[in-house]
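Written below as structure tokens is the structure these notes are about.
Everything quoted here is computed from the prediction, not taken from an experiment. Any value given below was found using the heavy atoms of this structure, including those in side chains, with hydrogens, waters and symmetry copies removed.
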Amino acid sequence: MSTFASVRKVAFDTETTSTDPTEARIVTAALIVRGGGRPDHTMSWLINPGVPIPPETTEIHGIDDARAQAEGQDPAAALEELADRLAQALAYGMPVIAYNLSYDWTVLHCELVRHGLPTMAERVGPGPLPLVDPLVIDKQVDKYVKGQGQRKLKPTAERYGVALTDWHTAEADALAALLIAEAQFARHSQLHGWAPADLFAAQQKWRAEQQAGLQRWFRTKATPEQGGAPDKVIDGSWPLVPAQRGEA
């Protein structure tokens, strides 16, 4: 029987101009294809977002306006290629992995709409799709991780024994998400009992419960320094919800 580590799959990440996915423009994106007894394959895009890149996001991903304008692809062309590659992977039944997937999926949806391109739903249908979010899974299988920020990508990778040296590039973050997912399936045998469609439905349910719990925490336990009540209600749908980049 095939294990999750052995099947061909693709990991997905974007680096953007904003933590708000409805406003963010994609600056870099990457797909990492791995498994299936074939060599790994990396695809990446540097995109001219067409809007100024805030200095605080340049500090994270290293791309400033000058480089984006000089080297970046036209956004419509790059987004079409990225979405087409993802749609092909999903058509083949390949799991698509992203850490805090709702953020990247929503950013991509909004960018496709912004540029008059078919959305992922229009390309592949509403699902169920073989989407895997290691953040949602981590919160489900290990509910009592202590310490502020310990659900973010890097500390989560460390908990699963994933070591990378180049963080906050789309390629590195996509690879980290993929390796975390492989480690989760290796560590938690119950994950192998889910068919792809059932795992998708389970993650939707888990994420809705996690968001409800987070909102309760903000309303009842968070200090003003920790943010108090949330500034917007998340409706619990998944993956197309306005999840913030730093949400964990």
Side-chain angles (χ1 to χ4, degrees), residues 11-30 45-65 67-69 72-73 75-76 78-79 82-83 86 96-117 119-121 131 133-136 139 148-149 151-154 156 167-170 172-174 176-177 203-204 207-208 210-219 222 224-248:
F12 168 47
D13 187 73
T14 64
E15 299 297 326
T16 69
T17 61
S18 171
T19 59
D20 182 343
T22 63
E23 298 294 334
R25 307 303 202 267
I26 297 175
V27 179
T28 62
W45 293 264
L46 171 60
I47 301 172
N48 181 356
V51 299
I53 302 173
E56 59 269 24
T57 62
T58 294
E59 288 181 9
I60 295 171
H61 52 62
I63 309 298
D64 60 13
D65 289 334
R67 183 177 174 192
Q69 292 168 9
Q73 292 180 250
L79 290 164
L82 171 61
L86 279 171
V96 171
I97 304 159
Y99 196 83
N100 196 15
L101 184 142
S102 58
Y103 174 84
D104 297 280
W105 200 262
T106 304
V107 168
L108 179 59
H109 171 85
C110 292
E111 281 277 66
L112 293 171
V113 171
R114 188 175 290 120
H115 291 279
L117 300 170
T119 65
M120 292 305 300
L131 302 176
D133 186 342
L135 173 60
V136 171
K139 289 181 177 180
Q148 188 171 2
R151 298 285 188 184
K152 293 184 181 295
L153 179 61
K154 186 175 181 181
T156 301
W167 291 96
H168 294 305
T169 65
D173 290 1
Q203 288 175 99
Q204 287 182 306
R207 190 177 190 281
Q210 291 161 10
Q211 290 297 326
L214 179 63
Q215 291 171 24
R216 285 193 299 271
W217 182 83
F218 270 113
R219 288 194 301 269
E225 292 77 17
Q226 292 171 320
D231 60 0
K232 64 176 69 173
V233 175
I234 299 174
D235 68 6
S237 59
W238 187 86
L240 186 57
V241 296
Q244 298 291 316
R245 171 54 112 181
E247 180 186 323

Without hydrogens or angle criteria, can the side chains of Asp20 and Thr22 be said to hold a donor-acceptor pair below 3.5 Å?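 A pair is found: one side chain offers a donor N or O, the other an acceptor, under 3.5 Å apart.
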Distance-only side-chain donor-acceptor flag, Ser102 / Arg207, under 3.5 Å: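 Yes, because at least one side-chain N or O of Ser102 sits under 3.5 Å from a partner of the opposite role on Arg207.
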What residues form a side-chain contact (heavy atoms from CB on, under 4.5 Å) with Arg67, not counting sequence neighbours?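 If we apply the side-chain contact (heavy atoms from CB on, under 4.5 Å) test to Arg67, skipping adjacent residues, the hits are Leu46, Ile63, Asp64, Glu71.
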Counterpart residues, side-chain contact (heavy atoms from CB on, under 4.5 Å), relative to Ala11 (two or more places apart):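 Here the qualifying residues are Ile32, Ile97, Ala174, Leu178.
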Indicate yes or no for a side-chain donor-acceptor contact from His61 to the backbone of Thr28 under 3.5 Å, with no hydrogens or angles considered.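 Absent.
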Backbone of Ala29 reached by a side-chain donor or acceptor of Glu15 within 3.5 Å: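 Judged by distance alone, no pair lies under 3.5 Å.
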Tell me which one of Val51, Ile47, Ile53 satisfies side-chain contact (heavy atoms from CB on, under 4.5 Å) with Val27.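 So the option named by the test is Ile53.
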Could you measure the distance from the [atom1] atom of [X] to the [atom2] atom of [Y]? Nearest 0.5 Å is fine.
X	Y	atom1	atom2	result
Ile60	Thr169	CD1	OG1	13.0 Å
Gln210	Gln203	CD	CD	9.5 Å
Gln73	Leu82	CD	CG	10.0 Å

Determine the sole option in Asp104, Asp133, Thr156, Asp13 for which the side-chain hydrogen bond (donor to acceptor under 3.5 Å, both in side chains) test with Tyr99 is passed.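 Testing Tyr99 for a side-chain hydrogen bond (donor to acceptor under 3.5 Å, both in side chains) against Asp104, Asp133, Thr156, Asp13 leaves exactly one candidate, Thr156.
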If you take all heavy atoms of [X] and [Y], which pair is closest and at what distance?
X	Y	value
Ala24	Arg114	O-NH1, 3.5 Å
Leu153	Ala177	CD1-N, 4.4 Å
Leu108	Met120	CD2-CG, 3.9 Å
Thr16	Ile26	CG2-CA, 4.2 Å

Does Pro75 reach the side chain of Glu111, with side-chain heavy atoms less than 4.5 Å apart?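 Pro75 does not reach Glu111 side chain to side chain.
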Only pairs at least two apart or in different chains count here, so list each side chain to side chain donor-acceptor pair (under 3.5 Å) that has a residue in residues 45-59.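 Qualifying pairs, neighbours excluded: Trp45-Glu81.
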Between Thr14 and Tyr103, does the side-chain hydrogen bond (donor to acceptor under 3.5 Å, both in side chains) criterion hold? Intermediate values first, please. CA-CA 9 Å; Thr14 64; Tyr103 174 84; 5.5 Å; no
